[in-house]
S.K.: 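So that we are looking at the same thing, I have put the structure below in structure tokens.
Below, chain A is the first sequence line, B the second, and so on; all start at residue 1. Just so it is clear, the values below take in all heavy atoms, side chains as well, and ignore hydrogens, waters and symmetry mates.
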Amino acid sequence: MSFALGELAVRFGCELRGDPDAGVARVATLAGAGPGDLGFLANPHYRAQLAATRATAVVLDAASAPLCPTAVLINANPYATYARIATLLHPESPATPGTHSSAVIDPSAQIAASASIGPQVVIGPRSFVGERVRIGAGCVLGAEVQVGDDCVLQPRVTLESGTQLGARVRLHSGAVIGADGFGFARDGAGWIKVPQLGRVRIGADVEIGANTTVDRGAIDDTVIEAGAKLDNQIQVAHNVHIGEHTVIAGCVGISGSTRIGARCMIAGAVGIVGHLDICDDVVVTGMSMVSHSISTPGVYSGGIPAGPATVWRRLVARFRRLDALAERVRRLERPNNRTKTDE
Amino acid sequence: MSFALGELAVRFGCELRGDPDAGVARVATLAGAGPGDLGFLANPHYRAQLAATRATAVVLDAASAPLCPTAVLINANPYATYARIATLLHPESPATPGTHSSAVIDPSAQIAASASIGPQVVIGPRSFVGERVRIGAGCVLGAEVQVGDDCVLQPRVTLESGTQLGARVRLHSGAVIGADGFGFARDGAGWIKVPQLGRVRIGADVEIGANTTVDRGAIDDTVIEAGAKLDNQIQVAHNVHIGEHTVIAGCVGISGSTRIGARCMIAGAVGIVGHLDICDDVVVTGMSMVSHSISTPGVYSGGIPAGPATVWRRLVARFRRLDALAERVRRLERPNNRTKTDE
Amino acid sequence: MSFALGELAVRFGCELRGDPDAGVARVATLAGAGPGDLGFLANPHYRAQLAATRATAVVLDAASAPLCPTAVLINANPYATYARIATLLHPESPATPGTHSSAVIDPSAQIAASASIGPQVVIGPRSFVGERVRIGAGCVLGAEVQVGDDCVLQPRVTLESGTQLGARVRLHSGAVIGADGFGFARDGAGWIKVPQLGRVRIGADVEIGANTTVDRGAIDDTVIEAGAKLDNQIQVAHNVHIGEHTVIAGCVGISGSTRIGARCMIAGAVGIVGHLDICDDVVVTGMSMVSHSISTPGVYSGGIPAGPATVWRRLVARFRRLDALAERVRRLERPNNRTKTDE
């Protein structure tokens with residue numbers, strides 16, 4: 001289906017420069033676009049590609065518009081505008097309401113008539129599935145799970161007993177929500193299991209990536225607030241609390257009982273130790289180890305960029321001898337009795 | 001169901017201060033507890049919450065008892081005692097013995113009559129499932145898998161062919177036990193697969209977290225000894241050996257053929273390179289890279305805490321110029337011919 | 001089944017020293033081998049085990065042959081030769097062609113008659129499964145998935161819609177190929193989803209480990225070229241491109257739009273930031289953070305080995321005061337007006 005640029009400009013609040021009757025039917029990259037395609041420029045990195053694009057139109061901001069040889073849809077937030085138009089041009093294929101005959105649904109579960117339950121799905125007792133929910137093949141929902149309206153579960157998601165999802169939550173394949181937290185009490189040489197009795201509660205509009213795990217709370221619940229977005233392969237331990245609109249990239253690990261504020265951005269492979277309090281609006285760059293609470297918004301870092309191995313080995317050797325180096329400096333300072341430093 | 005404090009004191013070896021006939025029916029946090037709830041204090045961090053707790057009783061150690069306004073159950077190991085009482089108060093809901101009609105069980109598999117096999121489970125030829133085992137929905141067991149008595153497999157666990165589980169092993173959703181190890185032989189520009197012929201053997205009372213992977217051995221087996229506890233999203237490569245009662249937190253990666261001793265504690269996101277030997281009673285703190293064998297028990301570290309990005313960038317720049325700094329110190333030492341240091 | 005050493009020597013291009021009629025039936029470690037077993041020596045680390053081995057024959061290179069008390073099969077690449085012979089001695093058990101009755105196959109899907117489709121498998125509309133493919137229990141293939149000849153999917157793999165696999169691709173349990181990339185556009189305080197419209201294309205002879213995730217492209221495809229090998233628990237973000245014969249060890253995370261060349265070797269738990277270009281023949285050692293493009297082949301490092309905690313804490317404290325140390329050196333340099341350094 002094709003949409004006229006004039007209509008798109010009106011629907012999405014853009015200034016149009018170009019033929020309002022020209023149509024676009026799909027999105028494309030600037031480099032790969034052809035007639036009927038809509039491109040976008042959100043990252044200045046790709047500005048050089050504007051000149052040669054063969055897109056029918058490009059979504060961009062006012063500053064970049066003069067550089068574009070094609071029709072343009074100008075908006076102060078071109079990426080969000082692109083996202084909205086792309087959603088219009090490429091709607092998800094509608095799911096057929098109903099439950100596949102191979103699914104195993106406990107008779108006490110309540111499934112909205114408009115929900116679509118795929119093959120091999122298992123839904124436990126007293127669970128509730130809301131309107132227009134789509135549950136992909138092979139998902140397993142335990143007992144007393146609540147799935148809000150318009151949620152989408154891709155195939156092979158596990159929601160353990162008691163998990164609660166707000167509206168429009170989207171879970172990707174292999175995600176496990178509500179497994180036991182890692183709680184063991186030392187008992188002589190060994191360990192005894194501490195029952196994990198809390199649940200996982202997830203707010204509206206949360207998205208959780210493939211093979212990400214969110215453990216149930218030990219006593220109270222693990223909570224992910226509305227609008228948070230979690231990438232793949234993230235580990236969220238028991239009783240963690242993640243604030244609204246916080247985004248967390250892949251491979252992050254968050255230890256138990258840590259609270260992360262709203263609107264934080266945690267980059268890939270960050271590790272956050274347990275029982276911390278991270279305030280709102282904190283950005284943590286990739287591969288950082290966060291081992292103390294953070295009470296001031298801002299950007300925090302902890303990763304050291306890799307370099308050629310020969311150089312790196314020398315740096316590591318120097319690092320290992322920092323004590324000796326400092327001692328040498330101290331000796332140099334001593335004999336001439338120079339001003340004492342803060343060492 | 002409610003239990004009298006007097007009975008709990010006797011059963012779990014506690015000194016009771018308070019009304020032996022008062023009853024508790026469930027556990028709660030100190031801050032969230034109300035009448036009929038049992039709290040506990042195991043982490044001195046939370047001692048301040050004692051004064052205001054409304055729990056009916058609190059499990060704690062003798063030193064904290066005078067600070068508690070409510071009845072107390074005193075034990076030298078309050079966390080383990082709490083865990084035991086919580087298990088009594090909140091028993092797992094019993095599974096119904098039998099095999100769900102949707103499960104696909106090879107006729108040559110032996111399933112104990114007391115075992116509970118959930119929907120959509122697949123069990124391969126010559127496999128064996130012991131007494132009172134619970135296998136959750138969607139689990140797949142390959143050929144010749146052995147599952148000891150009282151094991152619990154949460155939904156969607158994979159046990160590849162030949163995997164052996166001792167008694168009371170607990171596996172969480174998405175865990176994959178016995179996938180091929182990562183073995184390839186270079187052959188010109190490419191790689192050819194080295195058959196992975198060993199199995200995974202897991203001892204009694206082991207717990208393995210959600211989406212954790214334990215690869216089968218290349219020739220000999222990969223082994224996890226009794227009582228070890230592994231959190232979520234851990235990668236255990238082929239021919240690793242993990243000793244008794246060792247605990248490993250989330251996101252740890254252990255490379256091939258490494259041996260980890262008994263009673264070790266490996267914190268989150270640690271990486272351990274291959275072919276190492278880590279002795280008993282080693283503690284490794286979070287995000288450390290263990291690249292050498294460890295032969296002395298103790299605590300080992302390798303992570304550097306994150307800080308504000310501006311400060312961090314300066315430190316990284318300094319780190320990158322450590323060679324130059326050391327050279328400057330050497331020059332300072334030279335002219336006056338000071339005592340040579342260990343540099 | 002047993003094979004004569006003489007036949008193995010001819011088939012695999014080895015020089016045989018020993019009885020050509022002696023037979024081997026299985027492989028074993030040098031330490032564990034007995035009569036009828038074939039050992040190998042590829043890692044000089046294990047050379048000391050040669051003297052005592054009780055294997056019937058050992059695959060090794062010419063230099064090690066004189067140290068071996070048993071028959072030897074000499075080849076310049078003993079590991080690859082071992083891999084080939086092991087594959088001969090231990091063939092995979094043949095799969096029975098056909099589709100299990102519990103599988104749910106869309107009527108528009110095309111499944112080769114020689115393919116084996118396991119229990120509880122789900123295959124979506126217009127998908128294509130090639131000759132001799134084996135799809136393990138509980139796998140889910142979305143719409144328009146293409147699976148080349150001789151692919152092997154272990155149990156519980158997800159291939160989301162549009163995924164394309166070349167011939168002989170091998171995917172391990174829990175792998176998720178084609179989940180949405182992590183794309184969100186900021187919109188006020190929150191985020192709106194950017195549709196992920198690309199696919200994942202995987203070349204021939206690729207192997208992908210358990211619980212590894214490869215996201216679909218945002219617009220263009222995510223691509224893994226032929227012969228690449230990925231271990232477990234790896235995260236490959238949208239629009240990443242991985243070159244031929246590149247090997248990637250467990251727990252690596254690769255951020256969006258990064259290109260990795262051919263024949264690279266990425267060790268465990270490396271993190272690679274987005275939009276980078278890593279050239280061919282790059283080796284990255286374990287736990288490195290790659291934050292810049294690499295245009296020169298070679299070895300790159302970024303991990304710092306752990307040490308005893310007390311020593312480490314002192315080093316970290318020194319690291320945190322590097323600025324002050326450099327300032328002290330600057331002061332030492334100043335009064336005597338020594339030669340200015342490059343600081």
S.K.: Side chain, backbone, both or neither: which part of Glu327(B) has an atom under 4.5 Å from a heavy atom of chain C?
M.R.: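 Neither part; nothing is under 4.5 Å.
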
S.K.: What option among Arg313(C), His100(C), His45(C) has the most heavy-atom pairs under 4.5 Å with chain B?
M.R.: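 Result: the option with the highest number of such pairs is His100(C).
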
S.K.: Against chain B, work out which of Glu244(C), Arg263(C), His172(C) has the most heavy-atom pairs shorter than 4.5 Å and name it.
M.R.: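 Between Glu244(C), Arg263(C), His172(C), the count favours His172(C).
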
S.K.: With the side chain counted from C-beta on, respond yes when Gln120(C) and Val122(B) share a heavy-atom pair under 4.5 Å apart, and no when they do not.
M.R.: yes

S.K.: Using non-hydrogen atoms only, which part of Ser102(C) is less than 4.5 Å away from chain B: side chain, backbone, both, or neither?
M.R.: side chain

S.K.: Contact between Val129(B) and Ile117(B) at the side-chain level, heavy atoms closer than 4.5 Å - yes or no?
M.R.: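 Yes; the side chains approach each other to less than 4.5 Å.
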
S.K.: Using ring centroids (six-membered ring only for Trp), state whether Phe319(C) and Trp312(B) fall under 6.0 Å.
M.R.: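 Yes, the ring of Trp312(B) comes within the 6.0 Å limit of the ring of Phe319(C), centre to centre.
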
S.K.: Heavy-atom pairs under 4.5 Å with chain B are the metric here; pick the option from Gly227(C), Pro119(C), Ala228(C), Gly118(C) that has the most.
M.R.: Pro119(C)

S.K.: Identify which part of Arg320(C) has an atom lying under 4.5 Å from any heavy atom of chain B, answering side chain, backbone, both or neither.
M.R.: both

S.K.: Given heavy-atom pairs under 4.5 angstrom as the criterion, report whether the side chain, backbone, both or neither of Ile248(C) touches chain B.
M.R.: backbone

S.K.: Chain C heavy atoms under 4.5 Å from Ile294(B): which part of the residue, side chain, backbone, both or neither?
M.R.: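 Contact with chain C is absent: no heavy atom of Ile294(B) under 4.5 Å.
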
S.K.: So if I apply the side chain to side chain donor-acceptor pair (under 3.5 Å) rule between Gln196(B) and each of Arg216(B), His238(B), Glu160(B), which one comes out positive?
M.R.: His238(B)

S.K.: Of the backbone (N, CA, C, O) and the side chain (C-beta and beyond), which part of Asp323(C) lies under 4.5 Å from a heavy atom of chain B, both, or neither?
M.R.: both

S.K.: Is Leu230(C) close to chain B through its backbone or its side chain, or both, or neither, when contacts mean heavy atoms under 4.5 Å?
M.R.: backbone

S.K.: Please flag which part of Glu207(C) lies under 4.5 Å from any non-hydrogen atom of chain B: side chain, backbone, both or neither.
M.R.: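 Side chain only.
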
S.K.: Which class fits the ring pair Tyr79(C) and Tyr82(C): parallel under 30°, tilted 30 to 60°, perpendicular over 60°?
M.R.: parallel

S.K.: Relative to chain B, which segment of Ala86(C) carries a heavy atom at a distance below 4.5 Å: side chain, backbone, both, or neither?
M.R.: both

S.K.: Is chain B contacted by the side chain of Val316(C), its backbone, both, or neither, given a heavy-atom distance below 4.5 Å?
M.R.: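 For Val316(C), the contact with chain B is made by the side chain alone.
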
